[in-house]
Number of protein chains: 2
Amino acid sequence: MMKDTLSLDDVLNKISEDGLRITLPRKGILEILFESDEYLSADEIYSRVHKRYPGVGLATVYRTLILLAEIGVLTKFEFGEGKARYEIAESTTGENHHHVLVCTSCFKVIKYSDFTSDERDCMKRNEQHLEKTHGFSINRHVVQFYGVCRDCQRS
Amino acid sequence: MMKDTLSLDDVLNKISEDGLRITLPRKGILEILFESDEYLSADEIYSRVHKRYPGVGLATVYRTLILLAEIGVLTKFEFGEGKARYEIAESTTGENHHHVLVCTSCFKVIKYSDFTSDERDCMKRNEQHLEKTHGFSINRHVVQFYGVCRDCQRS
DNA sequence: CTACTTGCAAATATTTTGCATGCCA
DNA sequence: TGGCATGCAAAATATTTGCAAGTAG
């Protein structure tokens, strides 16, 4: 039985197990991602990593993000801004549900976890139903509510 | 009480009511969108419109999509491909829920409407809860299940 | 008429790729 | 040491913008 949340060491182990190399850019990028509790874009990650480890280049950030998403330790999101954002996956195997509130005016993203247990049950039932009826193997799901936040409503 | 689904005429009326002009490019783009039941990207819309009305340019397509999304007759989506896709909104005022199954391998998008009524109720309850607790004014929501489709599982 | 729209080309923004060099295991 | 990784620059994509010319109302 796997832990609920991934640690930096879990990820480094996973990288090794997959026959990939643990390098400074990879560690740096993971540090930044683990330190942040927000969805980060590639250039945000780049500027933070590059400040700490000046050798690291933008192309490596992109390549690393793709690779980490492929091995399941990162999740990629898009919120209508025209660029992707990333976050450490909750786990490589278990639940990966991402429920957010997005402001279409300022692109603030609020993750909410105060959903009722029936939302969870409902999504679970649905996932099983869809896997069966459509022959999909489902890995994760995303629930996004789009609207205008309190601050933007005032202006 | 408004109709459930938007017609081309509804949209043209809305454009006029908003003080905007009804032009050939705008009509052409709307024709294409109404004829398709899939999510279309800007360049897909462009090539179809341009074939029918050779004068229409790509920049106009982009500008029109932004404008139509702003007045609420189009909805913009992103499925992790790195580009946006658009669809006629279900209505300018009522329910705008979009539930899909996305293949992360081939980017096939399946809209499903065979969700149980409790999924609908659940989302509705949640929406109201979130509006209250976070002060958002919510316009629409998106539910996306990501996985691998039957065809891609074979390869 | 007049101001909203358009087409085209140029500018941005984001992401990907080629290739010689670097460095982890 | 061998081959995966990296950095840089260039390329590929996607989207936006400036501006003169067109046209709907």
When rounded to the nearest 0.5 Å, the distance separating CD of A/Glu127 from NZ of A/Lys132 is 12.5 Å

To the nearest angstrom, the NZ-P distance between B/Lys27 and D/dT23 comes to 14 Å

message = Considering every strand and a 4.0 Å limit on heavy-atom distances, what is the contact class for A/Gly19: base, sugar-phosphate, or nothing?
response = nothing

Q.
Determine whether the aromatic ring centres of residues B/Tyr46 and B/Tyr62 are separated by less than 6.0 angstrom.
A. no

A/Ile66 CD1 to D/dT6 P, in whole Å, measures 12 Å

| said: Can you confirm whether more than 12 heavy atoms, excluding those of B/Lys27, are under 6.0 Å from its NZ atom? | reply: no

message: Can you confirm whether or not the ring centre of A/His129 sits under 6.0 Å from the ring centre of A/His134?
response: no

Comparing nearest nucleotides in DNA chain D, the 5'-proximal residue of the pair B/Leu58, A/Leu20 is A/Leu20

The salt bridge (Lys or Arg N to Asp or Glu O under 4.0 Å) partners of B/Glu87 (sequence neighbours excluded) come to B/Lys111

Residue pair A/Tyr86/A/Arg21 against DNA chain C: nearer the 5' end by closest nucleotide is A/Tyr86

5'-most contact on DNA chain D (nearest-nucleotide basis), B/Ala84 vs B/Thr23, goes to B/Ala84

By the 4.0 Å heavy-atom rule, please label A/Arg63 as base, sugar-phosphate, or nothing. base

Rounded to whole Å, the NZ-C1' distance (B/Lys76 to D/dA14) equals 11 Å

Between A/Phe79 and the options A/Phe107, A/Tyr39, A/Phe145, the ring-ring contact (aromatic ring centres under 6.0 Å, His included) test singles out A/Tyr39

Winner on side-chain proximity to A/Val56, out of C/dT15, D/dT15, D/dG7, is D/dG7

Point to revise | Side-chain N,O (A/Tyr62) to OP1/OP2 (C/dT16) below 4.0 Å | key: no

Value for CG (A/Leu74) from CG (A/Leu65), rounded to nearest 0.5 Å, stands at 6.0 Å

Side-chain atoms of B/Pro25 come closest, of D/dA14, C/dT14, C/dT6, to C/dT6

Here the distance between atom C1' of D/dG25 and atom CG of B/Leu12, to the nearest Å, is 15 Å

Here the distance between atom C1' of C/dT5 and atom OH of B/Tyr53, to the nearest Å, is 17 Å

Computed from five pairs at either end and rounded to 10 degrees, the angle between the axes of the helix from C/dC1-D/dG25 to C/dA25-D/dT1 is 40°

In whole angstroms, the gap separating P of C/dA13 from NZ of B/Lys83 amounts to 21 Å

Here the distance between atom P of D/dC4 and atom CD1 of A/Ile71, to the nearest Å, is 16 Å

Taken to the nearest whole Å, CG/B/Asp18 to P/C/dT5 is 11 Å

